[in-house]
Each structure stands twice: as C-alpha cells, then as structure tokens.
Amino acid sequence: MAAQTATQTVTTKNLPLAKAINESLRAALESDPKVLIMGEDVGKLGGVFRVTDGLQKDFGERRVVDTPLAESGIVGAAIGLALRGYRPVVEIQFDGFVFPAYDQIVTQLAKMHARSLGKVKLPVVIRIPYGGGIGAVEHHSESPEALFAHVPGLKIVSPSNSSDAYWMMQQAIQSDDPVIFFEPKRRYWDKGEVAVLNSGSAAGESIPDPLHKARVVREGTDLTLAAYGPMVKLCQEVADAAAEEGRSLEILDLRSVSPLDFDAIQTSVEKTRRLVVVHEAPVFFGSGAEIAARITERCFYHLEAPVLRVGGYHAPYPPARLEEEYLPSLDRVLDAVDRALAY
C-alpha cells in the first residue's frame with residue numbers, strides 16, 4: 001500500500017525492528033550525501049545484528065565505514081566530521097562497549113554547542129544496542145541510558161516498535177543536536193507495520209510524532225504503566241493479564257528519556273491517579289527516580305498511591321542463566337500494580 005504526499009512517497013511494510021532501522025539508514029544515505037555510517041563491522045559484516053546489512057555494498061566504503069576497535073576514536077572522528085558539515089551515524093557494537101568513548105561523548109560532543117555559544121552544531125547519532133534478554137556474556141547487556149541522560153546537551157531516545165525505530169532514526173539524523181539512540185536488542189526481531197519512504201523521497205509530513213513526545217499505546221483508567229524501549233511490550237502483557245482480573249491499565253510509551261515528556265505523564269496520571277515506571281536499568285538512580293520525583297511534585301493532589309518503580313537490581317548484570325531473575329518480569333510488574341492499587 002502506497003500513499004503520496006506533496007513531499008514524499010511512502011509504502012507500508014511489515015518489518016522487524018532491526019530491518020526498520022536498516023531501511024531508515026538507507027533512506028537517509030539516499031537523501032543526504034553528508035550522512036555517513038561508522039562503526040566496528042558495520043560494513044562487510046553488516047553489524048553483529050545485521051542492522052547495517054547491505055549498506056556498504058550499495059553505498060561504498062566511504063559512506064559506510066568499517067572502523068578499528070576503538071570507540072573513543074570512532075566518536076572523536078565523528079565529532080570532527082560533524083564539524084566539517086557531515087552527519088555521522090556511529091554504531092557502538094554493544095552497550096557495555098560505550099565507556100571507552102564516554103569522555104568524548106560527555107566532554108566534547110555534549111558540550112561543544114554551549115562552549116561555542118551556539119555557533120557550533122554537532123549532528124551526530126550514536127546507535128547503541130542495549131538491554132538484556134539475549135543470553136549474552138558480560139558487557140553485552142547493559143542499560144546505561146541514565147548515565148547519559150544526566151549530561152546536558154545530549155538527547156536520549158529509545159524506540160519500542162518498528163515504526164518508531166524507522167521514524168525516530170530519521171528524526172535523530174536530521175537533528176542538529178547529538179542523539180544517543182538506544183536500540184532494544186531483544187526486540188530486534190519483533191515485527192510491525194512501518195510506513196517507509198520510497199527511494200529518493202525526503203522525510204516530511206509522514207513522520208508520526210515529534211521525537212520526544214510520549215504516546216499512549218493503550219487506554220486505561222485504574223493505573224498508568226510508563227516504559228520505553230524493551231519494556232513496553234512487557235507492559236502490554238501485564239495489562240492483558242490485569243484485564244483478566246477486571247483492572248484497566250493505561251500504557252504510556254515514553255520513547256524519549258531526555259528530554260522526558262512530563263506533560264504526557266502528568267495527563268495520564270491525573271486520569272488514573274496511580275503510576276508504575278518500568279525499565280531494565282537498575283532502579284537506584286535510574287530514570288524512573290526522576291519521573292517519580294517530578295510526577296509527585298506535579299500530581300501530589302491527584303495521586304492515590306506513591307509512584308512505584310520496577311527495574312534491574314543495584315548489582316552488576318548477572319550471567320546469562322540468571323538474567324531472567326534480574327530483569328523486570330510479568331510477575332514483578334504485576335506485584336507493583338497490586339501494591340499501588342492496594343492503597
């Protein structure tokens with residue numbers, strides 16, 4: 001099915017989340033010669049998750065660049081390219097590999113716009129497959145989004161479905177500010193409907209929502225579940241289970257961690273009067289803590305229960321055979337729902 005607008009042609013496809021990102025990167029490479037892709041094994045291999053599969057073959061080694069195993073150098077080179085007018089998209093192969101580049105990201109990439117009094121823009125996208133659920137070894141299942149959200153100057157986003165993965169990547173690449181794009185690797189193979197741009201089209205009115213706007217994906221009346229990335233699907237399973245007991249849960253897909261759409265959260269909480277925030281990252285000093293504090297300030301006279309949080313434990317990510325005990329589960333989220341509704 002194709003639809004025509006004044007600025008572009010789109011076609012609806014049923015795509016896994018990983019393929020949706022691939023199609024989005026392809027559209028960006030086609031529409032803007034200044035877009036480059038860089039990272040370890042992104043070219044000939046197509047990435048360890050095959051997210052960039054086929055792009056180097058079609059666009060060449062100067063547009064899709066296989067880099068050395070040097071995250072700090074990759075991000076540093078991307079900053080230099082952005083200073084020269086390019087729009088580099090960097091892949092960090094796994095979440096736990098980003099830390100050698102942490103200094104470049106928080107000291108240079110995040111600060112340059114303010115340091116130059118707004119004269120310098122750094123349109124760099126850093127793609128990071130993140131989170132657990134794939135049975136990986138150490139350093140391959142981290143959720144470090146809160147570490148970056150604490151740094152002014154960075155945008156932090158995470159799609160939960162194929163359509164958002166496609167369009168949020170388009171918006172991230174078009175942004176003049178640096179964007180950390182967290183990709184939920186356990187959802188790479190989940191399929192969904194995506195309205196993709198046809199060859200030669202440019203992104204325009206077809207973009208569904210602003211990059212940092214939260215979206216209600218399920219209406220409810222008794223309690224709000226707020227999540228992003230890999231946990232949105234779990235919250236949908238929780239809402240299904242709660243519905244069998246006559247409970248109506250609203251699900252809010254936050255989509256963006258920084259900035260956070262507090263207005264959307266407030267609107268939902270004023271209706272349901274209860275909030276449970278779910279993320280894979282540790283609860284201690286996680287993004288849910290900021291949400292809980294801010295919503296308590298904004299909605300104090302509406303809340304009928306304290307804001308509760310469900311997430312990882314304040315411990316190193318465990319070996320693969322124990323990760324299901326570490327990650328939020330259906331039962332753990334349902335327990336939080338029960339506790340909130342018991343007030």
Side-chain angles (χ1 to χ4, degrees), residues 17 20 130-131 143 145-146 148-150 154-172 174-175 177 179-184 187 190 192-195 206-239 242 248-281 283 286-299 302-303 307-311 328 333 336-337 340:
L17 191 147
Y130 84 118
S143 295
E145 61 269 22
F148 295 99
H150 193 66
L154 298 174
K155 296 178 176 179
I156 317 297
V157 301
S158 180
S160 67
N161 59 77
S162 297
S163 180
D164 274 352
Y166 182 91
W167 287 107
M168 289 169 71
M169 180 61 71
Q170 291 285 310
Q171 293 164 301
Q174 293 164 18
S175 172
D177 298 311
V179 179
I180 313 295
F181 198 94
F182 281 101
E183 300 170 9
R187 306 301 181 204
D190 292 356
E193 293 294 315
V194 186
S206 292
I207 294 177
D209 289 302
L211 182 59
H212 304 291
K213 183 176 177 58
R215 181 189 304 127
V216 174
V217 295
R218 180 174 179 143
E219 298 277 355
T221 57
D222 297 334
L223 178 145
T224 298
L225 290 173
Y228 53 87
M231 290 291 96
V232 174
K233 183 176 181 179
L234 175 63
C235 287
Q236 291 170 333
E237 295 169 357
V238 169
S248 173
L249 306 188
E250 181 150 299
I251 302 174
L252 190 64
D253 184 348
L254 299 175
R255 303 172 73 245
S256 176
V257 177
S258 182
L260 272 162
D261 188 355
F262 287 110
D263 289 343
I265 306 172
Q266 178 176 346
T267 298
S268 180
V269 170
E270 287 179 353
K271 178 175 71 171
T272 67
R273 299 182 178 271
R274 292 175 173 86
L275 174 63
V276 174
V277 186
V278 186
H279 52 64
E280 284 195 15
V283 167
S287 56
E290 176 63 27
I291 294 170
R294 192 73 65 95
I295 292 304
T296 299
E297 291 175 2
R298 286 190 172 202
C299 303
H302 293 274
L303 287 167
V307 178
L308 301 182
R309 296 166 289 155
V310 183
V333 180
V337 170

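Bear in mind that the values here come from a model prediction, so they are computed numbers and not experimental data. Numbers for residues simply follow the sequence, beginning at 1.
With rounding to the nearest 0.5 angstrom, the CD atom of Q266 is 11.0 Å from the CD atom of E297. Atoms CD1 and CG, from I291 and L254 in turn, are 5.0 Å apart once rounded to the nearest 0.5 Å. A distance of 12.0 Å separates CD1 of I180 from NZ of K155, quoted to the nearest 0.5 Å. Atom-to-atom distance recorded for D261:CG and L211:CG is 11.5 Å, nearest 0.5 angstrom. Between atom CZ of residue F181 and atom CE of residue M169 there is a gap of 4.0 Å, rounded to the nearest 0.5 Å. Note that the CG atom of L260 and the NE2 atom of H212 stand 10.5 Å from one another [nearest 0.5 Å].
Nearest heavy-atom pair, G220 versus T272, reported as atom, atom and distance to 0.1 Å: O-CG2, 3.8 Å. Taking both residues in full, the closest heavy atoms of S162 and G192 are given as OG-N, 3.5 Å, listed atom of the first, atom of the second, then distance. Nearest approach of A336 to V276, heavy atoms of both residues: CB-CG1, 4.0 Å. Minimum heavy-atom separation, P230 to Y130: CD-OH, 3.1 Å. Shown here for E270 and C299, the closest heavy-atom pair between the two residues is CG-SG, 4.3 Å. Shown here for A227 and C235, the closest heavy-atom pair between the two residues is CB-SG, 3.8 Å.
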**OP:** Mind running side chain to side chain contact (heavy atoms under 4.5 Å, CB included) on D164 and R215 for me, showing each step along the way?
**Re:** CA-CA 11 Å; D164 274 352; R215 181 189 304 127; 2.9 Å; yes
**OP:** Show the numbers, then the answer: is there a side chain to side chain contact (heavy atoms under 4.5 Å, CB included) between V269 and V307?
**Re:** CA-CA 10 Å; V269 170; V307 178; over 6 Å; no
**OP:** Could you please spell out the steps behind the side chain to side chain contact (heavy atoms under 4.5 Å, CB included) verdict for E145 and E280?
**Re:** CA-CA 10 Å; E145 61 269 22; E280 284 195 15; 5.9 Å; no
Original post:
Between V238 and I251, does a side chain to side chain contact (heavy atoms under 4.5 Å, CB included) hold up when you go through it step by step?
Top reply: CA-CA 10 Å; V238 169; I251 302 174; over 6 Å; no
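Atom NZ of K271 has more than 12 neighbouring heavy atoms from other residues, nucleotides or ligands inside a 6.0 Å radius.
Contact annotation: the side chain of F182 approaches that of F148 to within less than 4.5 Å [non-hydrogen atoms, C-beta and beyond]. The shortest distance between side-chain heavy atoms of P184 and S160 does not fall below 4.5 Å.
A donor-acceptor pair is defined here as one N or O able to donate and one able to accept, closer than 3.5 Å; no such pair exists between the side chain of E250 and the backbone of T224. Judged by distance alone, the side chain of D222 and the main-chain N or O of S248 form a donor-acceptor pair under 3.5 Å. For the pair R309 (side chain) and V277 (backbone), a donor-acceptor distance under 3.5 Å is absent. With hydrogens and angles disregarded, no donor-acceptor distance shorter than 3.5 Å links the side chain of W167 to the backbone of V194. Using modelled atom types, one side-chain atom of T296 and one backbone atom of A292 make a donor-acceptor pair closer than 3.5 Å.
The side chain to side chain contact (heavy atoms under 4.5 Å, CB included) test with H279 is passed by exactly one of S143, S287, S158, P328: S287.
Here D263 pairs with R298 in a salt bridge; the nearest charged N to carboxylate O distance falls below 4.0 Å.
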